[in-house]
Protein chains: 2
Amino acid sequence: MENRIQELRKAQNWSQAEFATRLGVSRQTVNALERGRYDPSLPLAFKISTILAQPIEGIFIYDPS
Amino acid sequence: MENRIQELRKAQNWSQAEFATRLGVSRQTVNALERGRYDPSLPLAFKISTILAQPIEGIFIYDPS
DNA sequence: CAAATATGTAAAGCATACTTTACAATGAGG
DNA sequence: CCTCATTGTAAAGTATGCTTTACATATTTG
């Protein structure tokens, strides 16, 4: 699943570390999410959604195939 | 995190087994989700959202606390 | 009631999400 | 160039999501 985390994080002028702190996760987790290494848990997706002020569907692009 | 899966599944007159088949997961997983034993992964949440024809935010209620 | 369908639950195992520690590589500003 | 902030990556460990098998307990239907 692709996501717009990096794009939306940069729009706020936040480093990965800064964003990680706001989310309450490690910097490595933010890095892994941006690089598409894995998808966040649903609760974390909601936190990301809240902090980036976008609906989940506006951040994560689900490709059924 | 609470969810409306059971309510929306019943509205379609689907058994847990029928719904599980449509989702491509086990019946036990559907049961566990409805009973709130754990949250689905984000990809599974998207599948549920698609099949129940509701946005993720309309099915799962995130409580930050 | 009897039989069939639906739901709840448990244990063991595999896969994925996330952590900490640590170090390497990139980029920006003095 | 030097330094510092930022980003990328790896390994080992813990936690969570999901599977299969199996069985018990409803609930529905003939």
Side-chain angles (χ1 to χ4, degrees):
Chain A
M1 178 152 40
E2 296 185 1
N3 70 71
R4 302 201 302 134
I5 295 176
Q6 183 169 23
E7 168 194 352
L8 296 169
R9 170 183 62 81
K10 284 184 174 170
Q12 302 293 328
N13 277 309
W14 291 332
S15 67
Q16 291 182 348
E18 167 75 17
F19 185 47
T21 298
R22 288 174 187 269
L23 282 174
V25 299
S26 70
R27 178 183 69 79
Q28 286 80 348
T29 292
V30 168
N31 187 277
L33 294 175
E34 289 191 355
R35 311 216 74 226
R37 287 176 43 76
Y38 50 75
D39 298 317
S41 66
L42 186 56
L44 182 52
F46 267 97
K47 278 188 204 167
I48 293 169
S49 168
T50 300
I51 294 176
L52 293 180
Q54 296 283 331
I56 289 180
E57 289 84 348
I59 301 176
F60 301 94
I61 298 98
Y62 176 61
D63 177 17
S65 64
Chain B
M1 179 152 41
E2 295 186 0
N3 69 70
R4 302 201 303 135
I5 295 177
Q6 182 168 28
E7 167 193 353
L8 296 169
R9 170 183 63 81
K10 284 184 173 170
Q12 300 294 327
N13 276 307
W14 291 332
S15 67
Q16 291 182 348
E18 167 75 18
F19 185 48
T21 298
R22 288 172 187 270
L23 282 175
V25 298
S26 70
R27 178 182 70 80
Q28 286 79 349
T29 293
V30 168
N31 187 276
L33 294 175
E34 289 190 355
R35 312 214 76 233
R37 288 177 44 78
Y38 50 74
D39 297 317
S41 66
L42 186 57
L44 182 52
F46 266 98
K47 278 188 203 165
I48 293 169
S49 166
T50 299
I51 293 176
L52 293 180
Q54 296 283 332
I56 289 180
E57 288 85 349
I59 301 175
F60 301 94
I61 298 97
Y62 176 59
D63 176 19
S65 64

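The sequence lines fix the lettering, A, B, ..., with proteins before strands; numbering per chain opens at 1.
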Exercise. Of all the choices, C/dA6, C/dC18, D/dC18, which nucleotide is nearest to the side chain of B/Leu44 once you look at every atom?
Worked result: D/dC18

Exercise. Quick one: which of C/dT7, D/dC18, D/dG8 gets closest to the side chain of A/Arg27?
Worked result: D/dG8

Exercise. When the distance from CD of B/Glu18 to P of C/dT7 is rounded to whole Å, what number comes out?
Worked result: 11 Å

For this session: Look at atom CD of A/Glu2 and say whether more than 12 heavy atoms of other residues, nucleotides or ligands are closer to it than 6.0 Å.
Result: no

Exercise. Rounded to the nearest Å, what distance is computed from the CG atom of residue A/Leu23 to the P atom of nucleotide C/dC18?
Worked result: 10 Å

For this session: Using whole Å, report how far CZ of B/Arg35 lies from P of D/dT16.
Result: 19 Å

Exercise. Minimum heavy-atom separation for A/Arg9 to A/Leu52, with atom names?
Worked result: N-CD2, 4.1 Å

Exercise. Which one, C/dT9, D/dC18, C/dA17, comes nearest to the side chain of B/Ser41?
Worked result: D/dC18

For this session: Could you check how far NZ of A/Lys10 sits from C1' of D/dA5, rounded to whole Å?
Result: 14 Å

Problem set entry | Under-4.0 Å side-chain N/O to phosphate OP1/OP2 contact, A/Asn31 with D/dT7 | no

Problem set entry | B/Tyr38 OH to D/dA15 C1', straight-line distance once rounded to whole Å | 14 Å

For this session: Determine: side-chain N/O of B/Arg37 to OP1/OP2 of C/dT7, distance under 4.0 Å, yes or no.
Result: no

For this session: Please work out if A/Ser26 contacts a base, only the sugar-phosphate, or nothing of the nucleic acid, heavy-atom cut-off 4.0 Å.
Result: base

Exercise. Mapping B/Leu42 and B/Gln28 to their closest nucleotides on DNA chain D, which lands nearer the 5' end?
Worked result: B/Leu42

Problem set entry | Listed nucleotide nearest any side-chain atom of A/Val25, set D/dT21, D/dG8, C/dC18 | C/dC18

Exercise. What pair of heavy atoms forms the shortest contact from A/Glu34 to A/Asn3, and how long is it?
Worked result: CA-OD1, 4.5 Å

Seminar exercise, completed: Whole-Å distance, B/Asn3 CG to D/dG17 P, equals 12 Å

Seminar exercise, completed: All heavy atoms of A/Ser49 vs all of A/Ile59, minimum pair found to be CA-CD1, 3.6 Å

Exercise. Separation of A/Gln16 atom CD from C/dC18 atom C1', in whole Å?
Worked result: 15 Å

Exercise. Do you know the tightest heavy-atom contact between B/Ala45 and B/Ile56?
Worked result: O-CG1, 4.1 Å

For this session: Report the distance from atom CZ of B/Phe19 to atom C1' of C/dG8, rounded to the nearest whole Å.
Result: 18 Å

